[in-house]
Asks: 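One structure, as structure tokens, below. Some questions next.
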Number of protein chains: 2
Amino acid sequence: MLARVILGLLDLSPMTGYEVKRHCDTTIRYFWQADKAQIYRTLSQLTGDGLAAVETAPGVGGPARQVHHITDRGREVLNDWLTSRLDPQPERDVFLARLFFSGGLPEPELAELLATRRKTAESLLVELEDMRRSAPDPADRRARLRLATLDHGIAQVRTELDWLTEVEKELT
Amino acid sequence: MLARVILGLLDLSPMTGYEVKRHCDTTIRYFWQADKAQIYRTLSQLTGDGLAAVETAPGVGGPARQVHHITDRGREVLNDWLTSRLDPQPERDVFLARLFFSGGLPEPELAELLATRRKTAESLLVELEDMRRSAPDPADRRARLRLATLDHGIAQVRTELDWLTEVEKELT
DNA sequence: CGCCACTAGTAGACAAGTCCACTAGTCTGG
DNA sequence: CCAGACTAGTGGACTTGTCTACTAGTGGCG
């Protein structure tokens, strides 16, 4: 999966492994996070498969940069992925799991669990709304779609906050 | 992680690996799915660590059943997990990733992607609402919490459907 | 009787991801 | 001038999870 996501990023513009990592930590963080080592491994796998090509560029203020470009084969594979059957992925939510099994916990511990979740949700919301505000007016469909995924995140977080309020109310 | 979830299930009632799998496919499916082989491996790891104990029971209409109970040590570990720091888990949403990179796709393909997502969301919603309806009135906090996680799922799916409507409208 | 479905569990190869430590160059602030 | 931050990348051990295929017992249906 990571391979596909990286192909997608390379399709937007050529970049180094470091930059891929930065994207995973910033622009696409709310729907895709990845380990640094894994990114570099995947990149060399992509070049090995001929889906990406490397060009060593002199580093401006730093070590040399290995800039990865997507190849035509890569673009094909990316396209195949984008148009392939969308099968539902396995759900796995640690927070919900904990909550589900937290029936026997004393009340303050439970309240803290919910409070922690609220805090991370709130800071995520602020961050996403900042991204939304600072995003340029969508020029093309590409940009509109990217904003749409952002809106998805915002809507989900808002729903979660409302739900948290409900649960907190109900448990007192 | 799976180990903790299984401990949680065993804490609700002793069960076989097969039954753990069934839970992952039904009751807790909307927040935790797991591979059969992994479940059995994890179970034997749990007994190896003394967090669970096995008792072989004669199978009623089938092979012998290896019923796993949670031990006191297991209950401790479960409790430690439930009260430990809740750190945000890595987000990974294949659908959003695809949508994010689908800017260059022809319109019908894009529409199909959204339609597929809508279909799975709708059927999930039906399923969750069925679960909700057939759930007994919550007797204790345990049951209320379990219903709350279900409500979380329902709220998220509804939000997603609304969002889908927005996106579909915007893209025509 | 033979086949299928369901219950219950085992085994092994493999893929993907995480964690940690490490090299190395540059730039900035105290 | 030196420490720390930032850029850029490598290497290896380890964990977790997936996929596939297998054994085995029972019950029901045609």
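Each chain gets a letter, A, B and so on, in the order its sequence line appears, and its residues count up from 1. Excluded from the calculations below are hydrogen atoms, water molecules and symmetry mates; all remaining heavy atoms, backbone and side chain alike, are included.
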Asks: Would you mind reading off the distance between B:D35 atom CG and C:dA13 atom P, rounded to a whole angstrom?
Replies: 17 Å
Asks: How would you label the contact of B:K21 with the nucleic acid (heavy atoms, under 4.0 Å): base, sugar-phosphate, or nothing?
Replies: nothing
Asks: Indicate whether any N or O donor in one side chain lies under 3.5 Å from an N or O acceptor in the other, for A:T165 and A:R118.
Replies: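 Note: A:T165 and A:R118 side chains meet the donor-acceptor criterion.
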Asks: Taking only side-chain nitrogens and oxygens of A:R22, does any of them come within less than 4.0 Å of OP1 or OP2 of D:dT7?
Replies: yes
Asks: Rounded to whole angstroms, how far apart are CD on B:Q89 and P on D:dG17?
Replies: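 So the two atoms are 12 Å apart, to the nearest Å.
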Asks: For A:R41 and A:V67, take the nucleotide of DNA chain D holding the closest heavy atom to each; which residue's nucleotide lies nearer the 5' end?
Replies: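 The residue whose closest nucleotide sits nearer the 5' end is A:V67.
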Asks: Answer yes if the side chains of B:T27 and B:R22 hold a donor-acceptor pair under 3.5 Å, and no otherwise.
Replies: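 There is no such pair (donor and acceptor under 3.5 Å, judged by atom type) between the side chains of B:T27 and B:R22.
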Asks: Taking the side chain of B:R92 as its heavy atoms from C-beta onward, which of C:dC19, C:dT18, D:dT20 lies nearest to it?
Replies: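 Between C:dC19, C:dT18, D:dT20, the one nearest the side chain of B:R92 would be C:dT18.
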Asks: Any ion pair linking A:R65 and A:E19 (charged N to carboxylate O, less than 4.0 Å)?
Replies: yes
Asks: Check whether any side-chain N or O of A:Y40 sits under 4.0 Å from OP1 or OP2 of D:dG9, and answer yes or no.
Replies: yes
Asks: To the side chain of A:E19, which of C:dT10, D:dA8, D:dG9 is closest?
Replies: D:dA8
Asks: To the nearest angstrom, how far is B:Q45 atom CD from C:dA11 atom P?
Replies: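 Going from B:Q45 (CD) to C:dA11 (P), I get 16 Å.
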Asks: Compare side-chain N and O positions of B:R65 against OP1 and OP2 of D:dA24 and report whether any pair is under 4.0 Å apart.
Replies: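 For D:dA24, neither OP1 nor OP2 has a side-chain N or O of B:R65 closer than 4.0 Å.
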Asks: Considering just the side-chain nitrogens and oxygens of B:Y18, establish if one lies under 4.0 Å of OP1 or OP2 belonging to C:dT7.
Replies: yes
Asks: Could you tell me whether B:R158 and B:D151 have a side-chain N and a carboxylate O separated by less than 4.0 Å?
Replies: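 Between B:D151 and B:R158 there is no salt bridge, as every charged N stays at least 4.0 Å from the carboxylate O atoms.
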Asks: Using the side-chain heavy atoms of B:T16, tell me which of these nucleotides is nearest: D:dG17, D:dG12, C:dG9.
Replies: C:dG9
Asks: Would you say B:Y40's side chain and B:Y18's backbone share a donor-acceptor pair under 3.5 angstrom?
Replies: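 Pair found, side chain donor or acceptor close to backbone of B:Y18.
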Asks: Using whole Å, what does the distance between atom C1' of nucleotide D:dG11 and atom CD1 of A:I39 come to?
Replies: 16 Å
Asks: Send over the distance from A:H23 NE2 to D:dA8 P, rounded to a whole Å.
Replies: 12 Å
Asks: Send over the distance from B:L43 CG to C:dA8 P, rounded to a whole Å.
Replies: 13 Å
Asks: Rounding to an integer number of Å, can you tell me how far A:L2 CG sits from D:dT18 C1'?
Replies: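 Atom CG in A:L2 sits about 17 Å away from atom C1' in D:dT18.
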Asks: Relative to the 5' end of DNA chain C, which residue comes earlier, A:K36 or A:M1, by the nucleotide with the nearest heavy atom?
Replies: A:M1
Asks: Less than 4.5 Å apart, side chain to side chain, heavy atoms only: is that true for A:L124 and A:R29?
Replies: yes
Asks: State which of D:dA8, D:dG9, C:dT18 makes the closest approach to the side chain of A:Q38.
Replies: C:dT18
Asks: Rounded to whole Å, please give me the gap between CD in B:Q33 and C1' in D:dC19.
Replies: 16 Å
Asks: With a 4.0 Å limit, can you tell me whether A:Q66 has a side-chain N or O closer than that to the phosphate oxygens OP1/OP2 of D:dT10?
Replies: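 For A:Q66, the contact criterion (side-chain N or O under 4.0 Å from OP1 or OP2 of D:dT10) is met.
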Asks: Please compare B:H68 and A:A34 by the position of their nearest nucleotide in DNA chain C and report the one closer to 5'.
Replies: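 Its nearest nucleotide lies further toward 5', so the answer is B:H68.
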